[in-house]
2 protein chains.
Amino acid sequence: MPTLTRRAESFSALVLEVFQLNGLLLQAGDRLSAPAGLTSARWQVLGVIDHGPATVAAVARTMGLARQSVQQTADALASDGFVEYVENPNHQRAKCVSLTAAGRRALRKVEQAHAAWADRLGASLAPARLAAAVDGVREARLRLEKDLAEEGRDEA
Amino acid sequence: MPTLTRRAESFSALVLEVFQLNGLLLQAGDRLSAPAGLTSARWQVLGVIDHGPATVAAVARTMGLARQSVQQTADALASDGFVEYVENPNHQRAKCVSLTAAGRRALRKVEQAHAAWADRLGASLAPARLAAAVDGVREARLRLEKDLAEEGRDEA
DNA sequence: TACTGATTGACAGGAACCTGTCACCTTGAC
DNA sequence: GTCAAGGTGACAGGTTCCTGTCAATCAGTA
């Protein structure tokens, strides 16, 4: 194993922590949404179209996911009656995904549970510490985004 | 949407950042390991057995994953010649996963690329900021671990 | 020695993400 | 008006994780 510099060690520690926290957050999200008959992925899609009906491709762009991933989730939500496809006046083929009454009920339920959860967890951390974490992670994300974009350009 | 308290807003911001950073890290990991013919998941398994051959179940415990996930990855690595199953004197059925020469070569290659990458990214962040991020994320992880454990106990 | 319980790998199936390809629709340049 | 470029949903297939079930193996106990 190549010996890491101090700053590389530090960055690697952040990577490990982020992986672990991410896993726990997914677990928590599933637990929050399960009582409403949803999962994390489905809840997030409902959250996007709560602002108004949108096409699958538009939802995917908003969420930063591949179009087909959202397509799959949207189809599953439709077959469970949480959303429905409605005509899109701007595009004959690309229908809009729209919340049904059941979808809206489920979403409200999850949002209430989520608000209580976020408040509980947020309260357990010192505000300054929490703010520093958000800042640091955002900074790391921006650097990594830039790094990946540059690498990608080299290969192209 | 229920209005969130300030601390809930702050915590939610951390969640969003962690999700995004996690996605980018997975992308970066795949890019680091691709030249060696590996993926993030496979590289990590190789990293664990670099310390010595181990059973699939032991590797899963080390990585904090389900046994079957590692089984699948190990089988794939074996069919690609990066690892091999060797007899386990302590257990007739549970063979040990062991690095082959090709596996060791691939792992070394990824580790070199990883060291350079971590150093580059670590250098682009102020050490204090980076340390604060690690601290904050760790704190959040610990709180969430505790929270999930308590919730789980209630249901049991 | 015989039984019980935990661990293990094999097998089956599912969730959520990805990519690639195809045909259809819309848009904009000419 | 035509035609190429790009957006879009459908379909197929792959990766990495998960769960549940089963039989084989091991370890401790009566």
Side-chain angles (χ1 to χ4, degrees), chain A residues 19-20 22-31 33-34 37-46 48 53-80 82-97 148 152, chain B residues 19-20 22-31 33-34 37-46 48 53-80 82-97:
Chain A
F19 279 157
Q20 292 187 36
N22 187 76
L24 294 172
L25 287 173
L26 289 180
Q27 201 179 325
D30 281 339
R31 205 176 284 191
S33 46
L38 296 173
T39 62
S40 286
R42 299 184 182 194
W43 158 32
Q44 279 165 37
V45 169
L46 293 190
V48 172
T55 64
V56 165
V59 173
R61 276 192 299 269
T62 301
M63 296 175 68
L65 296 181
R67 197 161 37 96
Q68 299 305 342
S69 311
V70 176
Q71 186 77 256
Q72 214 168 357
T73 304
D75 287 347
L77 281 169
S79 84
D80 285 351
F82 290 116
V83 306
E84 58 187 350
Y85 289 103
V86 301
E87 292 300 325
N88 182 353
N90 299 320
H91 200 299
Q92 186 172 346
R93 185 187 177 89
K95 297 186 177 173
C96 285
V97 186
L148 283 167
Chain B
F19 279 157
Q20 292 186 36
N22 186 76
L24 294 173
L25 287 172
L26 289 179
Q27 202 178 323
D30 280 339
R31 203 177 284 191
S33 46
L38 295 173
T39 62
S40 286
R42 297 182 184 194
W43 158 33
Q44 280 166 36
V45 169
L46 293 190
V48 172
T55 65
V56 165
V59 173
R61 277 191 299 270
T62 301
M63 296 175 68
L65 296 180
R67 197 162 34 96
Q68 300 305 341
S69 311
V70 176
Q71 186 77 255
Q72 216 166 354
T73 304
D75 287 346
L77 281 168
S79 84
D80 285 351
F82 290 116
V83 305
E84 58 188 350
Y85 290 102
V86 301
E87 293 300 326
N88 181 351
N90 300 321
H91 200 299
Q92 185 172 349
R93 186 187 177 87
K95 296 184 177 172
C96 286
V97 187

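It should be emphasised that the depicted structure is a prediction, and the values quoted were computed from it without experimental measurement. In what follows, chains are A, B, ... by sequence order, proteins preceding strands, each numbered from 1.
- Remark: A:S40 OG to A:Q27 CD distance equals 10.0 Å, nearest 0.5 Å.
- Evaluation of the side-chain contact (heavy atoms from CB on, under 4.5 Å) rule for A:A41 yields A:T39 as partners, not counting sequence neighbours.
- Partners of A:D30 under the salt bridge (charged side-chain N to carboxylate O under 4.0 Å, His left out) rule, at least two apart in sequence or in another chain, do not exist in this structure.
- As a whole-Å value, the separation of A:Q27 CD from C:dA15 P is 18 Å.
- Atom CD in A:Q71 sits about 14 Å away from atom P in D:dA12, given to the nearest Å.
- With D:dA10, D:dG9, C:dG9 as the candidates, the nucleotide lying closest to the side chain of A:A57 is D:dG9.
- Atoms CG (B:N88) and P (D:dA27) sit 10 Å apart, rounded to a whole Å.
- Look at CZ on B:F19: it is 13 Å from P on C:dA16, rounded to the nearest Å.
- A:F82 has its side chain within reach of A:L38: a pair of non-hydrogen atoms, C-beta onward, lies under 4.5 Å apart.
- Atom-to-atom distance recorded for A:L46:CG and A:R42:CZ is 9.5 Å, nearest 0.5 angstrom.
- For the side-chain hydrogen bond (donor to acceptor under 3.5 Å, both in side chains) condition, the pairs that include at least one residue of residues 54-79 of chain A, sequence neighbours left out, are A:D75-A:Y85.
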Under 3.5 Å, which donor-acceptor pairs link side chains of residues 87-97 of chain B to any protein atom two or more places apart or in another chain?
| unit_1 | atom_1 | unit_2 | atom_2 | d |
| --- | --- | --- | --- | --- |
| B:N88 | OD1 | B:N90 | N | 2.9 |
| B:N88 | ND2 | B:A94 | O | 2.9 |
| B:H91 | ND1 | B:R93 | N | 3.1 |
| B:H91 | ND1 | B:A94 | N | 3.0 |

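- Using a 4.5 Å cut-off on side-chain heavy atoms (C-beta onward), A:V59 and A:L65 make no contact.
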I'd like a table of atom pairs between the protein and nucleotides 22-26 of chain C - only N or O on both sides, under 3.5 Å - with the distance next to each one.
| unit_1 | atom_1 | unit_2 | atom_2 | d |
| --- | --- | --- | --- | --- |
| C:dC24 | O4' | A:R93 | NH1 | 3.2 |
| C:dT26 | OP1 | A:Q92 | N | 2.8 |

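- Per the geometry, CG belonging to A:L77 stands 12 Å off P belonging to C:dA15, to the nearest Å.
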Just the atom pairs and distances: protein N or O near nucleotides 14-17 of chain D's N or O, under 3.5 Å.
| unit_1 | atom_1 | unit_2 | atom_2 | d |
| --- | --- | --- | --- | --- |
| D:dT16 | OP1 | B:T39 | OG1 | 2.4 |
| D:dC17 | N4 | B:Q72 | OE1 | 3.0 |

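- Note: CG (A:D75) to P (D:dA12) measures 13 Å, nearest angstrom.
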